[in-house]
Amino acid sequence: MKLLKDLLLQRKDLINWDNGFTWSRNGRLYFRTTPELVIGEPIYQASELINNNAKGLFRNVECPLAVENVMEWEEATNNPILNSQPASIVRSCKPSRVGDSEYLAVITNNFNISICKDKQIIVSIDVPDQKDVRARAFHSFEWSPIDNVIVVGNELGELLFFSKEQITDNFVLVNTIKIDELAEQSITRILWGDGHIIITASDNSIWKIDTDYLTNNSAVKLFETGRFGIFDLTLINSRYVTVTATGHIFKYDLTTNDLVYERLPVINNFYIIPIRDSSSVIIVSNNSVTIKINLNSPKLHFEPDTTIGPELSHKFKKWNDAWNESGKYETSLNVYGTSLSPDGYSVAVLYDIARISYNYIIPSQRQYRVMFIPLCEQWTISNEANGLAWYQTHMIYQRAGLSMRSVSNDNSSLDSIDNEFDINIPFKEYLNEIFKNEKLNLLKFNVYLDQTDSRRMDIFRKLIMNYALAKIDTITNTLDIASLIMLAKNLGITDSKIPQLENKEFTMKGDFITQSFHISDDTITDEIASKEGNIWKRCSVSLLPLLSIGVKRCPVTNHRVIDIERDSLNEYGWFTKTLLEVCHKNSVYTGNLMV
């Protein structure tokens, strides 16, 4: 199987030797490096320019974060370790799992948790009214899979749930679950998904909590206290809690409450990699041993891995052929982390290969590699990923010669798409439903392959026109009416219900200029001329002219949209304001983050 050439992470050192990075739903890679994080920003290039190299899909940028110790010098007599290193550094991070993954949670070496947005700290997760410092020292955290809620675990066996406020970026405490049996234990790991919250404690016990975090206040113990340190944890098909500990693997069946375990062939730490749409997993040790396990079997039977193991062996052999041709030195391949793609169809493996020797290496001499491996025979578009994350999966599978679901040229399935959307819901919810629609997402992805395909945009404009016509009595704003008239002309819609402007004219303001426009009967193009004789580009969503420098751009198609957050000069009505608020974040054409 052919793979993309490895992505290189150079001149950086990892904070820990395990769980070194995370792959977010918008295609970003977050590397846990020191002294600052490194983000693999997704970029777009045509497939012929990528040249089968993962470097063509990512651009590594540094992300320095000024994190503070909110407990500095407090209660030092109770826990002097907290003050032993006043300078805080990021120890781990996780992006939110909904929307654009715009929030990033980081945990520091001083057990503080902060929330970042646009590479800036916006809020610290804390309970300052607690006098016991152990209640404020957090060891783990996890995001909700369905909304912007984060759960954190402290040193008193408590789970604290913080929810984002609807309007602001502030996170407020909404519930606390205390596990009495863990009153003297730290919550070390949290897994939230498939209808359950699974947690591990510092005594290596494992507990399950229902996801109704607002009303639930109880937990069920799944694993008793053990002497083997827990390394990785996952939940497969909402049924199997799978755990790797030092030299062992455990499986707990939530339907039958049966627990089985097996010793592993080597006493190493193993990462668990689920295979989508199956009950099988591949476990990968930190020294590249791989095993496949079918969890549907009553007992844990080890099978040869034919997906990840051969690729690691090939990389190891190729390196030795180049740098250890005579076999004079002993070498090793070390795995520093694995991360599933946001849709679960691929896996990225962070590794390096080196001679086994005593030598001192400074960070500028370090070089890590990221290998991208497809896990299935084919892949499909899903709402678990968006934008360039789809394109990344496409390139991984295309290089491997594996099949994918392409967009059909048959438009018959799109003729009745109007019936799939409820025009009686608020406009913002209506637009979000359009963004989630599977058929339209397939058309959205096709733009990456064929930028002349305009079906997605034509359908989008038709759908928002349907909503506007149903609420036509409430559209009175001048810019709303101007946008509606131009959208109707673009679609060839003639409806007597559409209100008209006096003399078909409207005015818009820019940062340094004010222009008047006349809506002619000519065909709508990408440009519009003002009455003063100037030519202006149009907003690709509202079709209003772009007079301000405050615009957002789709990095794939280069279409521009008015940045409503930076335009305070024009008075927009509910129609254009809501439309721009939703569409200035994600590209209507490709689903990618606007820049």
Side-chain angles (χ1 to χ4, degrees), residues 5-24 27-41 54-55 57-67 85 87-95 104-114 116 119 139-141 188-189 229-233 244 246 268-273 283-290 308 312 315-316 319 331-341 347-373:
K5 293 180 183 178
D6 292 345
L7 177 68
L8 299 182
L9 179 63
Q10 297 174 311
R11 304 176 67 84
K12 294 293 178 184
D13 208 354
L14 299 174
I15 295 176
N16 298 315
W17 287 355
D18 55 69
N19 298 311
F21 71 123
T22 302
W23 201 345
S24 74
R28 283 189 179 130
L29 293 174
Y30 292 90
F31 296 98
R32 300 174 182 122
T33 53
T34 182
E36 60 270 320
L37 296 175
V38 171
I39 300 178
E41 291 282 1
K55 185 180 179 180
L57 296 174
F58 299 93
R59 179 183 70 253
N60 290 341
V61 296
E62 295 181 351
C63 179
L65 295 174
V67 289
Q85 189 176 354
S88 292
I89 60 171
V90 175
R91 183 164 57 89
S92 183
C93 64
K94 289 181 184 178
L104 177 71
V106 299
I107 187 169
T108 70
N109 55 325
N110 289 314
F111 310 119
N112 301 153
I113 293 178
S114 299
C116 311
K119 301 178 183 178
H139 289 250
S140 57
F141 63 96
T188 56
R189 187 184 295 268
I230 294 173
F231 182 75
D232 202 2
L233 168 73
T244 54
T246 307
N268 285 338
N269 293 322
F270 281 79
Y271 299 95
I272 305 173
I273 301 173
I283 57 174
V284 181
S285 78
N286 50 9
N287 66 351
S288 74
V289 176
T290 64
I308 300 176
L312 291 173
K315 298 284 185 181
F316 188 58
W319 189 92
T331 57
S332 66
L333 187 153
N334 299 306
V335 176
Y336 295 102
T338 65
S339 182
L340 280 177
S341 63
V347 65
V349 180
L350 178 65
Y351 74 99
D352 77 348
I353 304 173
R355 289 170 47 186
I356 299 177
S357 61
Y358 291 101
N359 59 336
Y360 177 74
I361 299 178
I362 61 177
S364 62
Q365 294 176 285
R366 292 283 188 186
Q367 177 175 279
Y368 299 95
R369 298 173 178 271
V370 183
M371 175 171 50
F372 299 91
I373 306 172

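Expressed to the nearest 0.5 Å, how far OG1 of T338 lies from CD1 of I272 amounts to 9.5 Å. Distance CG/N109 to CD1/I15: 8.5 Å, rounded to 0.5 Å. Within the model, atoms OG of S92 and CG of N16 stand 7.5 Å from one another, a figure rounded to the nearest 0.5 Å. Here the straight-line distance linking atom OG of S288 with atom CG of N334 works out to 8.0 Å at 0.5 Å rounding. The NZ atom of K55 sits 13.5 Å away from the CG atom of D6 when rounded to the nearest 0.5 Å. In this structure, CG on L333 lies 10.5 Å from CZ on R369, to the nearest 0.5 angstrom.
Put simply, the side chain of V335 reaches to within 4.5 Å of the side chain of V349, judged on heavy atoms. No side-chain heavy atom of L14 sits less than 4.5 Å from a side-chain heavy atom of T34. With a 4.5 Å cut-off on side-chain heavy atoms, L9 and T33 count as touching. Between F58 and L29 the shortest side-chain heavy-atom distance falls below 4.5 Å. Side-chain contact between I89 and P35: absent, with no pair of heavy atoms (C-beta onward) separated by less than 4.5 Å. K119 is listed as a side-chain neighbour of I39, based on a closest heavy-atom distance under 4.5 Å.
Pairing each heavy atom of F372 with each of L7, the nearest pair is CE1-CB, 4.0 Å. Counting all heavy atoms, side chain and backbone alike, C116 lies closest to L65 at SG-CD1, 3.7 Å. Of all heavy-atom pairs spanning R91 and H139, the tightest one is NH2-O, 4.2 Å. In this structure, P95 and T22 approach most closely via the heavy-atom pair CD-CG2, 3.7 Å. Closest non-hydrogen pair, R189 versus L233, comes out as CD-CB, 3.8 Å.
Partners of Y30 by ring-ring contact (aromatic ring centres under 6.0 Å, His included), not counting sequence neighbours: none found. Under the ring-ring contact (aromatic ring centres under 6.0 Å, His included) criterion, Y368 pairs with Y336, sequence neighbours left out. Legend: residues meeting ring-ring contact (aromatic ring centres under 6.0 Å, His included) with F141, ordered by chain and number and at least two apart, are absent. Residues passing the salt bridge (charged side-chain N to carboxylate O under 4.0 Å, His left out) test with R28 are E41, sequence neighbours excluded. Legend: residues meeting side chain to side chain donor-acceptor pair (under 3.5 Å) with T290, ordered by chain and number and at least two apart, are D305. Qualifying salt bridge (charged side-chain N to carboxylate O under 4.0 Å, His left out) partners for D232, counting only residues two or more places apart in sequence or in other chains: none. Partners of N269 by side-chain contact (heavy atoms from CB on, under 4.5 Å), not counting sequence neighbours, listed by chain and number: F231, T246, N286. The side-chain contact (heavy atoms from CB on, under 4.5 Å) search around T108 returns V67, S88, N110, N112, not counting sequence neighbours. Listed by chain and number, the residues in a side-chain contact (heavy atoms from CB on, under 4.5 Å) with S285 are N268, F270, N287, V289 (sequence neighbours excluded).
Listed by first and then second residue, the salt bridge (charged side-chain N to carboxylate O under 4.0 Å, His left out) pairs involving residues 8-22 are K12-E36, K12-E62, D13-R366 (not counting sequence neighbours). Note on residues 348-358: no pairs pass salt bridge (charged side-chain N to carboxylate O under 4.0 Å, His left out), not counting sequence neighbours.
Between W319 and Y351, the distance separating the two ring centers is not shorter than 6.0 angstrom.
Put simply, the side chain of R32 gets close to the backbone of C93: a donor and an acceptor are under 3.5 Å apart.
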List the steps, then state whether side chain to side chain contact (heavy atoms under 4.5 Å, CB included) holds for C63 with V38. CA-CA 6 Å; C63 179; V38 171; over 6 Å; no
Intermediate values then yes/no, side chain to side chain contact (heavy atoms under 4.5 Å, CB included), I273 and L340: CA-CA 7 Å; I273 301 173; L340 280 177; 4.0 Å; yes
Would you list the atom pairs, donor with acceptor, under 3.5 Å between side chains in residues 356-364 and any protein atom, with sequence neighbours excluded?
none

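The aromatic rings of F21 and F31 sit parallel to each other, their planes meeting at less than 30°, with 60° as the upper class boundary.
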